[in-house]
Amino acid sequence: MRYSALLAPTLKEVPKEAEVISHQLLLRAGYMRKVAAGIYSYMPLGVRVIERVKTIIREEMTRSGAQEVFLPAVQPAELWKESERWGYYGPELLRVKDRKGGDFCIGPTHEEVMTALVRDDIKSYRQLPLNLFQIQTKFRDEVRPRAGLLRGREFIMKDGYSFDIDEEAAKRTYQVMYDAYVRIFDRCGLSYRPVEADTGNIGGNMSHEFQVLADSGEDSIVSCASCNYTANVEKAELQQADDSAFVVPSGSYDKRHTPAVRTVEEVARFLGLPTSNIIKTILYLADEQPVAVLMRGDLEVNEVKVKAALKATTLLLANEATVLEITGAPVGFAGPIGLGCRLLADPSVRTVVSGAVGANEPDHHFVGVSIPRDLPELTYTDLRLAGAGDACGRCGGTFAFFKGIEVGQVFYLGTKYSAKMKAQVLNDKGEENPMVMGCYGIGVTRTMAAAIEQNHDKDGIVWPMALAPYQVIIAPLQLHEPAVVEEAERIYRELTAAGVDVIIDDRDLRPGVKLKDADLIGIPLRITIGARSLAEGKVEFKLRRLPEATLIPSADIIAETIKAIAAERGAAAE
RNA sequence: CGGGGUGUAGCGCAGCCUGGUAGCGCGACGGUUUUGGGAACCGUAAGUCGCAGGUUCGAAUCCUGUCACCCCGACCA
């Protein structure tokens, strides 16, 4: 490629709309432009990176026995009504009408279409297993798109779906996909962790997210140093303290006047207690029904665990009006004693002696409360959000804490969709059974952004070799020196002939501009040809990720470059 | 959806308070000189000041409404 012909306008200044580094650099380096909130046009460099990611995915999916298909972006409502998601998916599903008034949506995911495809053509267990994937543009009308490609509304995703005869076979497929994902993200040169993940509304208990480690990530991960258990905090199992020897205190509680004292911190300060003696009562609406969650004041509620414990489809924090209605008091004075709704308690509140809780009365709290004494019927469920330093639920070791960007997820679905949509096959006994499914997603554009979050410096992007739009950039510094141009063109020709992806900066610009642009767009290898060193028969060879360049004889440059490309690929695979 | 903020040339911004012919830097285009880390000089083009109403002799500026975008929160298969 000749840089002079490339559409890759670079910007010196950071567009003000961009906050996170990948977003800034993708715009500055001319990889993409914004069209609307969370919607982008990809320019040639961006397309090349996307194609790199897609190619790696295709190769590994195919190697794992999956076949590529291509499903429609626009999908009829009737399929979504069959799965019942037309009703509960909510405003994130972009709904449109065709000219006849028929309801359609822009696909945010493709379980429905894929299941429909398979059920019509697959009738016998002899046709299974089947594992299909596609790479598609998805649209999810996010409430608040942000951070460029990390949370866009329109994005490119690889989504795969597997169909097996029974649970055992489906779980084997799940493992095959898990292994494929490991190879895919290894090949992309990313530093990531597979983490155990919550299964949301889908049920079952098997899902892993592939999280690229980055401080800008939205997800929180805990990992046990001792047993290697790694999980999204939403899911993370915590070890509960052994409180079997705990003796429930005698006595009773008192009411206190606590004017305008609402938050845990305020209550603790007002009563002169540590926050661990406050028992907070947090009100939710779970599938429209009020529920109160009891948690020790110094700990955080994990809403995903609450949702799972209730088997609820929706869980919303109750608003002020609802709190007033349920407790008879404004926010800040809710308590479990005398509260007329379902209670869920975290085990941490069991051993609080002389706790403080809201009195369900404006400006009053109860003090001296013991939950097991005053609410003996209560049962306890782990509802707590894990954090750094907590004890691992598997082995009791200590959790370390990371932020991550979820670039992929593998999911054991079971028969959720196949049962509802009647995707059934006959088994070897002639019985009809729903196929057992799994689904497997990779955010292609998000992977591109995550790679930048993890690989950049003050000058720009530092692509891993496997994702770089070009492997090598040749920068002849003085275009008015025929020897420089000639040598650059020779190297360009020979590398291209050797199958290397190379771009030559043939623009008649000052050296500084060329070097700055090469750094900004992040090409991993740079061959700089300057009149001075060329006079000694040498050219400069530099790895983008290392600060120092080396001068090597021009005659050796082709071999050296090819060697370095292989070495860089190897470095990523470690 | 709640809170905060921003819309003026491709990008970054000033002008607005105190109404009076729309400016600066970068970028683009032409020219001369320059050529190893975003050059210098000369010249040129480019903006219905987000949009719609209103006030006024006159609105980028004041008022009302509206739309878009960004950040925090809530939400997120």
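All heavy atoms count here, side chains included; hydrogens, waters and symmetry mates do not. None of the values given here were measured: they were computed from a predicted structure. Here is how names work: the chains are called A, B, and so on, in the same order as the sequence lines, proteins then strands, and each is numbered from 1.
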query: Within the structure shown, what part of the strands sits under 4.0 Å from A/E303 by heavy-atom distance: base, sugar-phosphate, or nothing?
result: sugar-phosphate

message: So A/A147, base contact, sugar-phosphate only, or nothing? Heavy-atom distance under 4.0 Å.
response: sugar-phosphate

Expressed as a whole number of Å, how far does the [atom1] atom of [N] sit from that of [M]?
N	M	atom1	value
B/G7	B/C17	P	15 Å
B/U21	B/A60	P	10 Å
B/A52	B/U61	P	12 Å
B/C11	B/A28	C1'	12 Å
B/G20	B/A59	C1'	10 Å
B/C62	B/A45	C1'	34 Å
B/A22	B/G47	P	13 Å
B/C13	B/G30	P	29 Å

Nearest whole Å is fine: how far is [N] [atom2] from [X] [atom1]?
X	N	atom1	atom2	answer
A/K34	B/G7	NZ	C1'	11 Å
A/Q24	B/C71	CD	P	11 Å
A/R151	B/C72	CZ	C1'	15 Å
A/L93	B/C76	CG	P	16 Å
A/R153	B/A68	CZ	P	9 Å
A/I39	B/C70	CD1	P	10 Å
A/E209	B/C76	CD	C1'	12 Å
A/R33	B/G10	CZ	P	13 Å

Paired with [N] by Watson-Crick or G-U wobble geometry, both distances under 3.5 Å: which nucleotide is it?
N	value
B/G73	B/C1
B/C41	B/G31
B/C13	B/G23
B/G7	B/C67

Protein-to-nucleotide contact annotation, 5' to 3' order, nucleotides 30-44 of chain B [B base; S sugar-phosphate only; - none; under 4.0 Å, heavy atom]: ----BBBBBB-----

message: Using the salt bridge (Lys or Arg N to Asp or Glu O under 4.0 Å) criterion, which residues pair with A/K34? Sequence neighbours excluded.
response: A/E17

field: Contacts of A/E486 that satisfy salt bridge (Lys or Arg N to Asp or Glu O under 4.0 Å) - sequence neighbours left out
entry: none

field: Main-chain N/O of A/K54 paired with A/K158 side-chain donor or acceptor, under 3.5 Å
entry: no

query: Quick one: on RNA chain B, does A/A37 or A/E142 contact a more 5' nucleotide (nearest heavy atom)?
result: A/A37

Nucleotide N/O to protein N/O under 3.5 Å, stretch nucleotides 12-15 of chain B:
{"residue": "B/G12", "atom": "OP1", "partner": "A/K16", "partner atom": "N", "Å": "3.0"}

statement: Taken in chain and number order and not counting sequence neighbours, the residues that satisfy side chain to side chain donor-acceptor pair (under 3.5 Å) with A/R33 are none

message: Please determine whether a side-chain nitrogen of the Lys or Arg among A/R85 and A/E111 lies less than 4.0 Å from a carboxylate oxygen of the Asp or Glu.
response: yes

Side-chain donor/acceptor pairs under 3.5 Å, residues 530-542 of chain A, sequence neighbours excluded:
{"residue": "A/E540", "atom": "OE2", "partner": "A/R526", "partner atom": "NH2", "Å": "3.2"}
{"residue": "A/E540", "atom": "OE2", "partner": "A/T528", "partner atom": "OG1", "Å": "3.3"}
{"residue": "A/K542", "atom": "NZ", "partner": "A/L546", "partner atom": "O", "Å": "2.9"}

Salt bridge (charged side-chain N to carboxylate O under 4.0 Å, His left out) partners of residues 69-83 of chain A, not counting sequence neighbours, each pair once: A/E82-A/R119

message: Against A/V502, only a single residue in A/I527, A/I473, A/V472 fulfils side-chain contact (heavy atoms from CB on, under 4.5 Å); can you say which?
response: A/V472

Sequence neighbours excluded and cut-off under 3.5 Å, please list the side-chain donor-acceptor pairs for residues 441-448 of chain A, or say none.
{"residue": "A/T445", "atom": "OG1", "partner": "A/I156", "partner atom": "N", "Å": "3.2"}
{"residue": "A/R446", "atom": "NE", "partner": "A/L150", "partner atom": "O", "Å": "2.9"}
{"residue": "A/R446", "atom": "NH1", "partner": "A/E406", "partner atom": "O", "Å": "2.8"}
{"residue": "A/R446", "atom": "NH2", "partner": "A/L150", "partner atom": "O", "Å": "3.1"}
{"residue": "A/T447", "atom": "OG1", "partner": "A/G443", "partner atom": "O", "Å": "2.5"}

Enumerate, atom names and distances included, each donor-acceptor pair closer than 3.5 Å involving a side-chain atom of residues 4-14 of chain A, sequence neighbours excluded.
{"residue": "A/S4", "atom": "OG", "partner": "A/D506", "partner atom": "OD1", "Å": "3.1"}
{"residue": "A/S4", "atom": "OG", "partner": "A/D506", "partner atom": "OD2", "Å": "2.7"}
{"residue": "A/T10", "atom": "OG1", "partner": "A/D517", "partner atom": "OD1", "Å": "2.9"}

message: So that I know where these two stand, are A/Y181 and A/F210 an aromatic pair - ring centroids less than 6.0 Å apart?
response: yes

